[in-house]
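All of these numbers come straight from a predicted model, not from anything done at the bench. Within every chain, numbering begins at 1; the chains are lettered A, B, ... in the order of the sequence lines, protein sequences first and strands thereafter.
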Protein chains: 2
Amino acid sequence: VRYTLASDGGEPAESRARRIALEQTVELPEGCYPREIERDVVGRVEAVDQQSSGRSVVTVSYPVDLVGTEIPALLNIIWGNISMQSGIVVSDIELPRRVLDEVVGPRFGLEGVRQICGGITHRPLVMSAAKPVGLSAAALAERCATLARGGIDAVKDDHGVMDQRTAPFRERVRRCHDAVAEANVLTGGATQYFPNVTAPLDEIDDRVAFALEVGCRGVVVSPFLTGLDALRRVADSSDLAVFTHPTSAGGIMQRDHGVAPPVLLGTLLRVLGADGVIYVNAGGRFPVTESECVEINRRLTAPIEGIRASLPIPGGGVDVNTVSHWVSRYGVDVMLLIGSSLYVQADLEDATKQLMHVLEQPTDG
Amino acid sequence: VRYTLASDGGEPAESRARRIALEQTVELPEGCYPREIERDVVGRVEAVDQQSSGRSVVTVSYPVDLVGTEIPALLNIIWGNISMQSGIVVSDIELPRRVLDEVVGPRFGLEGVRQICGGITHRPLVMSAAKPVGLSAAALAERCATLARGGIDAVKDDHGVMDQRTAPFRERVRRCHDAVAEANVLTGGATQYFPNVTAPLDEIDDRVAFALEVGCRGVVVSPFLTGLDALRRVADSSDLAVFTHPTSAGGIMQRDHGVAPPVLLGTLLRVLGADGVIYVNAGGRFPVTESECVEINRRLTAPIEGIRASLPIPGGGVDVNTVSHWVSRYGVDVMLLIGSSLYVQADLEDATKQLMHVLEQPTDG
């Protein structure tokens with residue numbers, strides 16, 4: 001684990017690194033443990049790089065036996081008790097081969113999701129959301145149908161749409177799926193509907209099973225609401241593509257203390273099995289830079305032996321006027337999540353058609 | 001939900017409050033939704049208080065139907081997409097009666113845990129941890145026995161101790177439980193051992209069942225590793241007291257952006273069913289103030305109709321010299337978690353005895 005440390009009252013970086021290595025393992029002061037524990041258990045400070053900015057970058061390695069194959073243990077090693085300190089950013093992680101060998105990773109991944117969405121490979125895929133929460137299942141289904149008639153590749157439930165009495169899960173999923181299927185017959189398209197299965201733990205399996213039964217090919221989970229291990233479980237145990245929504249992740253990704261977005265959303269969610277990862281794009285309603293987004297994309301797609309690439313899904317900041325910019329910036333191996341910029345227009349179907357038309361044009365990039 | 005907002009480039013607090021109300025519900029720009037959605041779904045700005053410090057405190061209410069009885073939906077409303085913005089602190093929440101009526105809350109609570117720990121009511125209870133991770137099950141059991149012989153009220157697994165091959169869960173839990181039971185026979189005491197059941201979701205139920213089978217009366221869960229709903233599930237479905245450890249919570253509790261510790265650890269964990277809540281105490285290795293700790297204690301114990309009080313468990317910063325201070329500051333309705341200050345001493349049993357002796361003395365407070 002690589003930590004970027006803010007300068008802290010003159011304490012040398014070596015000393016802070018050593019304190020992290022103790023806090024994340026034995027949780028005891030220096031030396032208050034048997035000698036073999038020092039050798040086999042305490043994190044090892046591998047590198048210390050004092051930077052001219054006053055920050056330092058330190059690398060600490062941990063014994064793989066502390067983690068085994070358990071995701072909660074992995075999270076605890078990466079971002080456990082030190083989360084309650086300050087000025088520490090987890091800026092990189094390198095997972096040992098034994099962990100990578102034991103996780104399943106994305107079952108479909110970037111290529112698989114492309115297949116699910118009609119085999120389109122020459123342009124980015126486009127996703128939108130049926131919203132807002134509070135509409136009836138019938139009204140949400142009509143929004144799905146409208147977006148499908150506009151030629152969008154995928155429609156998901158808005159992440160706040162769960163099992164409200166205005167649109168109970170089962171009724172909604174059946175209606176939305178069927179509405180999209182009917183629109184596909186009309187258009188000859190292959191639009192997909194992905195329901196949100198974020199739910200109490202006792203319910204998630206049933207909702208995933210229902211989505212599969214109805215004919216959906218993928219589902220959406222918000223792992224920072226359910227816990228990250230619920231993502232791993234849904235991804236491992238279902239034949240559905242899994243898309244993650246980042247709601248509630250922001251606290252963990254603070255710039256001066258947290259887990260850097262590319263590590264959390266790029267490396268970790270991919271390893272846990274996300275086939276597609278929604279993240280907040282630069283240029284939208286959230287403070288994030290383009291280069292961070294490029295780095296998330298890189299981590300989701302760079303080769304890792306035995307782990308498929310995940311599909312990056314930047315959301316926000318994309319409309320009919322800026323879409324060419326994002327294609328030239330990110331390439332075609334992304335799915336653009338476009339919500340508000342379609343909904344602000346008078347005719348949702350027409351707005352979607354215009355956007356999809358622009359995407360079919362060759363770009364300068 | 002009450003939000004404390006940092007001043008932000010001159011945008012009026014009313015406008016920021018309205019943006020929060022939209023972001024956390026419809027996720028659409030102003031007006032891009034049917035009129036009845038404005039009435040029934042969009043968060044309502046109830047109060048705006050511009051403070052002289054430049055900060056403002058705004059109150060937004062949300063329709064209870066958006067949450068229903070689902071914890072992930074509750075978290076999403078309190079700290080969802082806005083987590084990815086900046087300068088927002090959730091400084092208070094008031095849960096509607098309908099939510100409070102539908103949660104179980106702590107099954108044992110403060111009084112129940114006192115009963116489990118031998119019915120002691122005249123002084124704070126004391127907990128320690130068997131550590132460090134990496135020791136064998138036999139060695140951890142010996143630490144449990146030593147602490148029990150010293151007269152401690154409760155021993156828990158260190159939060160990093162899960163199912164490592166050095167001390168597999170079942171072997172460890174049986175040995176530690178039995179070692180404490182044997183020590184109790186010797187001393188006539190009622191020391192309890194609480195194993196850590198933080199685990200992959202597929203495993204938690206089995207581990208809880210095993211703890212019960214072996215004879216444990218409580219377990220420890222780290223809800224910020226498992227997901228908060230796993231706490232609710234363990235608390236609701238088992239006959240064991242549940243203690244929470246705050247590892248990995250720190251990112252969410254940042255001072256300038258996050259959920260304030262008293263709200264997260266006090267109100268929420270109690271409502272979710274924690275019988276005892278471990279938090280980092282002032283004066284220890286983490287940046288936290290005494291007044292924050294007092295406020296956490298207050299929220300864990302203040303009367304809420306239908307919801308038992310939880311036992312506050314401050315950890316860190318307590319040793320034989322400072323324990324009287326903490327008793328006078330917090331009163332007796334806490335369990336003091338004392339680890340390192342016992343382990344640094346040459347004789348763990350003797351150190352424990354001394355501490356328990358001091359606690360039996362009348363304090364000035």
Side-chain angles (χ1 to χ4, degrees), chain A residues 23 25-29 32-33 37 40-41 65-66 68 70-73 75-76 79-81 83-86 131-135 158-160 162-166 198-202 222 225-227 229-230 233 246-252 254 257-259 280 286-287 339-340 343-344, chain B residues 25-29 32-33 37 40-41 65-66 68 70-73 75-76 79-81 83-86 131-135 158-160 162-166 198-202 222 225-227 229-230 233 246-252 254 257-259 280 285-287 339-340 343-344:
Chain A
E23 186 67 53
T25 54
V26 293
E27 254 201 292
L28 281 171
C32 295
Y33 40 80
I37 294 290
D40 298 338
V41 177
D65 276 347
L66 287 184
E70 304 200 339
I71 300 306
L75 298 176
N76 188 51
W79 184 241
N81 266 10
S83 76
M84 294 180 287
Q85 298 185 339
S86 61
K131 56 166 79 175
V133 62
L135 289 182
D158 213 11
H159 76 277
M162 298 187 194
D163 188 35
Q164 287 84 3
R165 62 171 92 171
T166 44
T198 303
L201 295 177
D202 332 69
S222 299
L225 298 180
T226 60
D229 199 50
R233 187 177 148 128
T247 184
S248 208
I252 309 165
Q254 295 294 291
H257 183 65
V259 182
V280 294
F286 303 94
S340 297
Y343 277 95
V344 293
Chain B
T25 54
V26 294
E27 254 201 291
L28 280 170
C32 295
Y33 41 80
I37 293 291
D40 298 338
V41 177
D65 276 348
L66 287 184
E70 303 199 340
I71 300 306
L75 299 176
N76 188 53
W79 186 241
N81 265 11
S83 76
M84 294 180 285
Q85 299 184 339
S86 62
K131 54 166 81 178
V133 63
L135 289 183
D158 213 13
H159 76 275
M162 299 187 193
D163 188 34
Q164 287 85 4
R165 61 171 93 173
T166 44
T198 302
L201 294 177
D202 333 68
S222 298
L225 298 179
T226 60
D229 200 50
R233 188 177 146 127
T247 184
S248 206
I252 309 166
Q254 294 296 289
H257 183 64
V259 181
V280 294
R285 305 186 299 273
F286 304 94
S340 298
Y343 278 95
V344 293

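- When B:G80, B:P29, B:G134 are compared by the number of non-hydrogen pairs under 4.5 Å with chain A, B:G80 comes out ahead.
- Residue A:P200 comes nearest to B:D229 through the heavy atom pair CA-OD2, 3.1 Å, listed as atom of the first residue, atom of the second, then distance.
- Of all the listed residues (B:T25, B:D163, B:L28), the one sharing the greatest number of non-hydrogen pairs under 4.5 Å with chain A is B:L28.
- For a residue to count as touching a neighbouring chain, one of its non-hydrogen atoms must lie under 4.5 Å from one of that chain's; by this rule A:Y343 touches chain B with backbone and side chain alike.
- If you measure heavy-atom distances from A:A73 to chain B, the contacts under 4.5 Å come from both the backbone and the side chain.
- Contact count against chain A (heavy-atom pairs under 4.5 Å) is highest for B:G251 among B:G251, B:G227, B:S86, B:S222.
- Within the 4.5 angstrom heavy-atom criterion, atoms from both the backbone and the side chain of A:D202 approach chain B.
- What you find for B:E27 and A:S340 is that their closest heavy atoms are O-OG, 3.9 Å.
- Atoms OG1 and CD1, on B:T226 and A:I71 in that order, are 13.5 Å from each other to the nearest 0.5 Å.
- The contact between A:V280 and chain B is made entirely by side chain atoms (from C-beta outward), counting heavy-atom distances below 4.5 Å.
- Between B:D65 and A:Q164 the shortest heavy-atom distance is O-CG, 3.3 Å.
- Only the side chain of A:V41 has a heavy atom closer than 4.5 Å to any heavy atom of chain B.
- A:L201 touches chain B through backbone and side chain together, each having a heavy atom under 4.5 Å away.
- For B:I37, the part sitting under 4.5 Å from any heavy atom of chain A is the side chain, from C-beta outward, and nothing else.
- Taking each heavy atom of B:A249 and A:S83 in turn, the nearest pair found is N-OG, 3.4 Å.
- When heavy atoms are compared at a cutoff of 4.5 Å, B:N76 approaches chain A by way of both its backbone and its side chain.
- In this structure, OG1 in A:T247 is found 5.5 Å from CE in B:M84, a value given to the nearest 0.5 Å.
- Contact count against chain A (heavy-atom pairs under 4.5 Å) is highest for B:A199 among B:A199, B:G258, B:G339.
- Of the atoms belonging to B:E70, heavy atoms from both backbone and side chain fall under 4.5 Å from chain A.
- Of all the heavy atoms in B:P72 and A:T198, the pair that sits closest is CB-CG2, 4.0 Å.
- Taking every heavy atom of both residues into account, A:Q254 and B:Q85 meet most closely at NE2-O, 4.5 Å.
- Between chain A and the residues B:T166, B:L75, B:V133, B:I252, the largest count of heavy-atom pairs under 4.5 Å involves B:V133.
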